[in-house]
**Student:** 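Questions regarding the structure given below will be posed in turn.
Everything quoted here is computed from the prediction, not taken from an experiment.
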Amino acid sequence: MAAPSLLNWRRVSSFTGPVPRARHGHRAVAIRELMIIFGGGNEGIADELHVYNTVTNQWFLPAVRGDIPPGCAAHGFVCDGTRILVFGGMVEYGRYSNELYELQASRWLWKKVKPHAPSSGLPPCPRLGHSFSLYGNKCYLFGGLANESEDSNNNVPRYLNDFYELELQHGSGVVGWSIPVTKGIVPSPRESHTAVIYCKKDSGSPKMYVFGGMCGARLDDLWQLDLETMTWSKPETKGTVPLPRSLHTASVIGNKMYIFGGWVPHKGENIEASPHDCEWKCTSSFSYLNLDTAEWTTLVSDSQEDKKNSRPRPRAGHCAVAIGTRLYFWSGRDGYRKALNSQVCCKDLWYLDTEKPPAPSQVQLIKATTNSFHVKWDEVPTVEGYLLQLNTDLPYQAASSDSSAAPNMQGVRMDPHRQDSNSIIPNSINDTMNSAKTEHTAMKGTSVKNKADLKTSTDSNAILHSSSATNASNHNSCVVDMLRKNEVDETCALPATKISRVEAHAAAMPFSKETPSNPVATMKAGERQWCDVGIFKNNTALVSQFYLLPKGKQSISKIGNADVPDYSLLKKQDLVPGTGYRFRVAAINGCGIGPFSKISEFKTCIPGFPGAPSAVRISKNVEGIHLSWEPPTSPSGNILEYSAYLAIRTAQIQDNPSQLVFMRIYCGLKTSCIVTAGQLANAHIDYTSRPAIVFRISAKNEKGYGPATQVRWLQDQEVNMNLWF
């Protein structure tokens with residue numbers, strides 16, 4: 001987590017769709033990028049289900065159906081995959097519930113479920129303010145507040161510390177309640193506390209942590225329940241314990257439990273003398289407990305002022321949800337106005353990144369031309385942008401302070417107004433947001449030293465050895481998986497890389513004779529400098545230029561707290577034909593720039609050679625599979641033949657999995673071929689991402705073979721050749 005002074009809160013000010021009315025006592029869970037909110041209220045209890053898409057910043061009301069539950073507040077709300085369970089809560093003043101509902105979010109279908117009663121004892125009584133926590137196939141219910149009176153208008157509160165276990169059926173439905181026999185001292189009765197479950201990586205049993213709550217006065221105690229031995233204990237902690245509180249939130253990210261907001265004593269020093277008579281207030285304090293070391297860390301103290309409105313204002317009864325390493329906070333009440341006899345609720349949505357984002361996947365190539373690449377990479381959840389960098393062995397000149405520019409450089413400047421530190425740089429290199437699928441052509445490859453007019457062998461067993469690029473851990477980095485329904489989701493044009501046997505074919509393009517031969521400063525391989533292509537909001541970019549490093553600089557980008565350089569002050573250089581470029585990408589969030597991806601290497605096309613085949617399709621038939629493709633969109637002459645290759649198992653691959661070996665399985669004029677079951681039995685299963693069989697297809701014109709299109713045919717985790725057909 002960032003140091004307290006570096007916390008970079010963001011208020012979401014731009015969104016679309018029907019925004020839910022402000023409230024407190026609601027609950028929220030996350031399903032992938034969706035934040036799903038149910039219940040709560042202010043003037044009456046809300047019964048609608050609201051969803052916020054954190055990627056598109058859009059609110060929407062799904063069309064729910066089935067056994068729609070009544071509105072409730074201070075209820076239990078957990079998510080198991082794509083199903084959500086709701087238990088208990090207040091349905092109207094003085095009347096509480098002990099009913100259980102299940103929502104299948106994939107269909108927005110509600111169902112009332114009736115779990116079996118415990119074999120010994122009664123099922124949970126109606127309650128509110130309880131904790132309801134999920135781990136594995138069980139939910140754990142603890143505490144809450146019941147009404148002892150049968151008359152809902154005559155509220156006689158009873159604080160609870162009972163403990164139940166609810167076993168779930170796989171996918172849908174529940175088995176029933178049970179009352180585990182616990183050891184140790186049980187926490188005191190309470191409501192409006194929090195409970196989270198955490199299990200150390202590689203060791204230890206899952207443990208439930210209960211913090212705070214209300215029992216006539218607010219509490220600041222921490223309890224631990226070992227879910228394997230069912231033993232309660234009070235762990236000894238280090239650091240400053242947060243003030244006693246209720247109606248706060250607790251969220252686990254990694255090994256940290258983040259505590260935000262709630263009701264706390266107005267004067268902390270007075271609570272010991274008279275906890276019941278002390279004044280209480282809402283807080284915006286923010287702390288976390290390291291669950292591995294049991295140490296508290298204060299990030300925002302209760303006394304810390306916020307004159308710039310740079311973080312959420314004090315609140316209680318709000319909701320918090322973790323999506324990736326980002327915490328979202330919505331609504332809640334910020335106090336009680338006696339004159340109005342009502343709660344005053346917040347209407348704002350905030351988020352906070354708790355750590356730098358992880359490294360994205362390797363950069364993948366969608367399309368290459370003679371002087372540009374259309375690239376993409378897998379999205380990283382909850383980031384604000386991506387920094388794309390490249391380097392090349394082609395000599396280029398560092399930008400100097402004078403006005404002279406190296407050959408092939410352009411002095412084009414960015415939009416001259418200065419960007420603030422939180423903005424995404426609008427690159428002149430096109431940000432292809434929401435781009436449509438394209439037909440894919442050429443890509444990277446190390447050069448082939450044999451001449452382009454080298455005749456290829458028609459031997460269908462010709463072997464192509466594919467060597468990985470320098471500093472690249474996987475030369476298949478640009479591959480996009482095919483859908484499991486045997487349709488290509490998006491193929492990537494892949495180069496046929498260096499060939500160790502002449503009879504394979506001259507698949508890689510030779511370096512263009514037009515490549516500039518006026519070196520300025522040659523760099524050794526170990527001295528490559530990374531240059532910024534730019535910062536992009538989406539996970540795709542059209543790259544035709546990169547920014548030159550200022551003289552004496554090893555890098556352009558600043559790593560501190562998402563600072564970005566002023567690209568308008570830097571010169572740019574164009575990509576050139578027939579040249580290999582290495583790419584890497586890093587994600588950016590409120591904590592700064594995360595680690596870079598593994599390196600990918602692509603090569604620009606050379607004029608005159610055919611592009612890569614596109615629209616590859618795979619379908620099963622009696623003989624094996626049918627492989628088909630469309631001709632290149634840029635044939636640059638007549639297509640003389642196509643070659644298709646299959647990655648095969650060899651001892652060489654076992655020693656170096658990143659170096660695939662291909663066998664040619666087809667050579668001819670047709671745009672389709674049959675891959676027999678016998679050939680598939682010899683296929684290599686590539687496990688660099690999801691298990692897949694790898695094919696490559698390339699076209700040849702009068703000049704020779706162009707780049708290959710590579711496709712990955714996804715297989716089950718446990719691959720069995722006999723089950724394919």
Side-chain angles (χ1 to χ4, degrees), residues 19-29 35-52 69-79 84-101 103 126-133 141-147 152 155 157 159-160 190-195 211-215 218 245-251 259-264 280-284 312-321 328-337 340-350:
V19 180
R21 70 179 190 267
R23 64 192 66 188
H24 62 96
H26 52 290
R27 300 288 187 260
V29 295
M35 179 172 70
I36 300 171
I37 295 170
F38 181 69
N42 188 17
E43 297 176 357
I45 294 177
D47 60 359
E48 67 272 6
L49 189 80
H50 287 268
V51 181
Y52 177 71
C72 56
H75 47 288
F77 200 55
V78 297
C79 180
I84 295 171
L85 293 168
V86 180
F87 174 75
M90 181 172 70
V91 291
E92 62 182 45
Y93 179 77
R95 189 165 73 86
Y96 308 152
S97 167
N98 63 348
E99 293 180 338
L100 182 67
Y101 288 85
L103 172 68
R127 67 190 65 202
L128 61 73
H130 48 282
S131 59
F132 195 54
S133 309
L141 168 69
F142 175 74
L145 181 70
N147 185 1
S152 61
N155 196 3
Y159 294 97
L160 305 170
R190 65 194 64 208
E191 57 101 0
S192 297
H193 56 282
T194 55
F211 176 71
M214 173 76 172
C215 185
R218 271 82 187 179
R245 66 192 61 216
S246 63
L247 294 171
H248 54 286
T249 53
S251 309
I259 302 292
F260 176 76
W263 282 103
V264 297
W280 303 88
K281 65 172 184 177
C282 287
T283 182
S284 60
R313 70 180 190 262
R315 66 193 63 209
H318 53 285
C319 69
V321 71
Y328 282 86
F329 305 92
W330 182 70
S331 201
R333 64 186 187 190
D334 70 350
Y336 182 78
R337 302 292 185 267
L340 301 176
N341 193 29
S342 66
Q343 310 291 343
V344 177
C345 290
C346 311
K347 300 179 180 179
D348 47 357
L349 172 64
W350 292 78

**Student:** Classify the ring geometry between Phe329 and Phe260 as parallel (under 30°), tilted (30 to 60°) or perpendicular (over 60°).
**Tutor:**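 Tilted, since the angle between the ring planes falls between 30° and 60°.
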**Student:** Under the salt bridge (charged side-chain N to carboxylate O under 4.0 Å, His left out) test, which residues partner Arg315, sequence neighbours left out?
**Tutor:**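 Result, salt bridge (charged side-chain N to carboxylate O under 4.0 Å, His left out) vs Arg315: Asp348.
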**Student:** Please enumerate all residues that pass ring-ring contact (aromatic ring centres under 6.0 Å, His included) together with Phe142, with sequence neighbours excluded.
**Tutor:**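 Here the qualifying residues are His193, Trp232.
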**Student:** Tell me, do Leu145 and Arg127 make a side-chain contact under 4.5 Å, heavy atoms counted?
**Tutor:**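 Not in contact.
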**Student:** Is the shortest distance from a Lys or Arg side-chain nitrogen in Glu48 or Arg23 to a carboxylate oxygen in the other one below 4.0 Å?
**Tutor:**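 Arg23 and Glu48: salt-bridged.
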**Student:** Just by modelled atom types, is the Gly212 backbone N or O under 3.5 Å from a matching donor or acceptor in the Arg190 side chain?
**Tutor:**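 Answer holds: yes.
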**Student:** Considering all heavy atoms of both residues, which atom of Gly317 and which atom of His26 are nearest to each other, and what is their separation?
**Tutor:**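 Nearest pair, atom of Gly317 first, then His26: O-CE1, 3.5 Å.
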**Student:** Are any of the side-chain heavy atoms of Val78 and Val86 separated by less than 4.5 Å?
**Tutor:**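 No, every pair of side-chain atoms sits at 4.5 Å or beyond.
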**Student:** Evaluate the side-chain proximity of Arg333 to Asn42: yes if any heavy-atom separation is below 4.5 Å, no if none is.
**Tutor:**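 They are not in contact (no side-chain heavy atoms under 4.5 Å apart), so the answer is no.
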**Student:** Side chains of Leu349 and Tyr52, heavy atoms from C-beta outward: is any pair under 4.5 Å?
**Tutor:**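 Contact flag for Leu349/Tyr52 side chains = yes.
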**Student:** For the pair Ser331 (side chain) and Cys346 (backbone), establish whether a donor and an acceptor sit closer than 3.5 Å, ignoring hydrogens and angles.
**Tutor:**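 Yes, Ser331 side chain to Cys346 backbone: donor-acceptor pair under 3.5 Å.
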**Student:** Would you say the rings of Trp263 and His248 are close, in the sense that their centroids are separated by under 6.0 Å?
**Tutor:**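 His248 vs Trp263: aromatic centres not under 6.0 Å.
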**Student:** Is a side-chain N or O of His24 found less than 3.5 angstrom from the main chain of Val344, in a donor-acceptor match?
**Tutor:**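 No, the answer is negative, given that no donor and acceptor are paired below the 3.5 Å cut-off.
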**Student:** Spell out, as yes or no, whether a donor-acceptor pair under 3.5 Å connects the side chain of Arg27 to the backbone of His75.
**Tutor:**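 Checked: pair present.
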**Student:** Decide yes or no for His318 and Thr249: does some side-chain heavy atom of the first lie under 4.5 Å from some side-chain heavy atom of the second?
**Tutor:**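 Side-chain contact under 4.5 Å: yes.
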**Student:** For Tyr101, which residues count as a ring-ring contact (aromatic ring centres under 6.0 Å, His included) partner, sequence neighbours excluded?
**Tutor:**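 With neighbours one apart ignored, the set is empty.
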**Student:** Aromatic rings Phe38 and Phe77: how do their planes relate, parallel, tilted or perpendicular, breaks at 30° and 60°?
**Tutor:**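 Phe38 vs Phe77 ring planes: parallel.
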**Student:** Can you measure from CG (Asp47) to SG (Cys72) and round to the nearest 0.5 angstrom?
**Tutor:**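 Nearest 0.5 Å value for the CG-SG distance: 9.5 Å.
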**Student:** Do Arg313 side-chain atoms and Ser284 backbone N/O form a donor-acceptor pair below 3.5 Å?
**Tutor:**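 A pair under 3.5 Å: no.
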